[in-house]
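Data first, discussion second: the structure below is written as structure tokens.
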Amino acid sequence: MKKKSFGFYLRIYGKILAQDLKSKMSYRADFIISTIGMIFTNLAGFISFWILFRNFPSIHGWGYYEMLFLYGFSLVALTPVQCLFDNNWSLRMYVYSGDFIKYCFRPINLFFYFQSEVFDIKGLGQLAFGIGTLAYSWNKLGLAFTPLMLLKLIVFLITASLVMIAMQNAAAATCFWIQNSFYVLDLVTRFKDYAKYPITIFSPVFRFLFTFIMPIAFIAYYPSLVILRPDEIPLLSWLSPLIGVIFFYLSYKFWMFGAMKYSGTGS
């Protein structure tokens, strides 16, 4: 089979996305309520930070606006995994029912075909809130805004997104071998709540865990240091783009390995 070009997949995705959005917008009330719910959920996180720092001016050397920056950074970084890879939550149901077999017979990349079927539009509410939080904390911290800083922000946000996408891909793919894989995916997803905190506030054991085992420190902490504290950037921050790409590639290969082993029998 001839290898498809990037432009081909981009055109296909545009058509799939248009159809998915049309179907979702036919239920506008559900879309509006879901989006408002997402915004209020993130607003609650914002308020919790405000309440916490009314009593503690700083935590391990991290002030309110720096913590708020991490929070906004993590929200923006987590948006792609919610918008573009939400179908991972349905993977186990397709596998157990045997319906996943339908994805195996189309002459396009199986991973792309499966993930492109769903676009979680309410994640855009999270994106808007995250950008607003980033802009607010950026201004309060008095950070310079130059083309170079914007480029760094974009590159390291993409880096952070790749890490979370990789974690979710790998967790979702366990359904090809584990019957109760929902708990694996749910556990990994819950860990993302710790991404908005600097790992320096945790014990050495958890610092190691969140850096090398469950690398949530690369979702906000290490990438954001390039912007927040340019005079004390650790090596792991500079390595974040490479780590993000490697993690994503390995998770993709793991996902595809499971998919290729799929027998189509269901459970």
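Note that the structure is a prediction, hence the values are computed from the model and not measured. Residues: numbered from 1 along the sequence shown.
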For this session: Go through Leu110 and Met260 one step at a time and tell me if the side chain to side chain contact (heavy atoms under 4.5 Å, CB included) criterion holds.
Result: CA-CA 9 Å; Leu110 194 155; Met260 292 298 101; 3.6 Å; yes
Say whether [X] and [Y] are linked into one hydrophobic cluster, either directly or through other cluster members, by side-chain heavy-atom distances under 4.5 angstrom.
X	Y	value
Leu148	Leu157	no
Phe182	Met167	no
Met93	Val188	no
Leu162	Phe247	yes
Leu151	Ile227	yes

*asked:* For Met67 and Tyr71: C-alpha separation, side-chain torsions, deciding distance, then whether side chain to side chain contact (heavy atoms under 4.5 Å, CB included) applies.
replied: CA-CA 6 Å; Met67 294 284 284; Tyr71 181 61; over 6 Å; no
Hey, what's the ring geometry for [X] with [Y], parallel, tilted or perpendicular (30° and 60° as the breaks)?
X	Y	value
Phe248	Tyr252	parallel
Trp62	Tyr221	tilted
Phe111	Trp255	perpendicular
Tyr9	Phe112	perpendicular

Exercise for review: Could you give me the CA-CA distance, side-chain angles and deciding distance for Trp89 and Phe114, then say whether ring-ring contact (aromatic ring centres under 6.0 Å, His included) is met?
Suggested key: CA-CA 11 Å; Trp89 287 96; Phe114 180 79; over 10 Å; no
Is the side chain of [X] donor-acceptor paired with the backbone N or O of [Y] at a distance under 3.5 Å, no angle test?
X	Y	value
Ser240	Leu236	yes
Ser237	Ile233	no
Thr174	Ala171	yes
Ser224	Leu70	no

TODO: Would you indicate whether the side-chain heavy atoms of Gln168 and Lys192 approach each other to under 4.5 Å?
DONE: no
(request) Report yes if some heavy atom in the side chain of Ile12 is under 4.5 Å from a heavy atom in the side chain of Tyr113; otherwise report no. (result)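 Not in contact.
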Quick check: are there more than 12 heavy atoms from other residues, nucleotides or ligands sitting under 6.0 Å from OH of Tyr183?
no
**OP:** Run the numbers on Phe73 and Lys196 for side chain to side chain contact (heavy atoms under 4.5 Å, CB included), then give the verdict.
**Re:** CA-CA 8 Å; Phe73 192 99; Lys196 59 180 177 284; over 6 Å; no
dist Asp120:CG -> Gln82:CD (nearest 0.5 Å) comes out at 5.0 Å
The single option from Tyr222, Tyr197, Tyr194 that satisfies ring pair (Phe, Tyr, Trp, His ring centres under 6.0 Å) with Phe210 is Tyr194
Exactly one of Phe257, Tyr96, Tyr94, Phe100 clears ring pair (Phe, Tyr, Trp, His ring centres under 6.0 Å) with Phe176, and that residue is Phe100
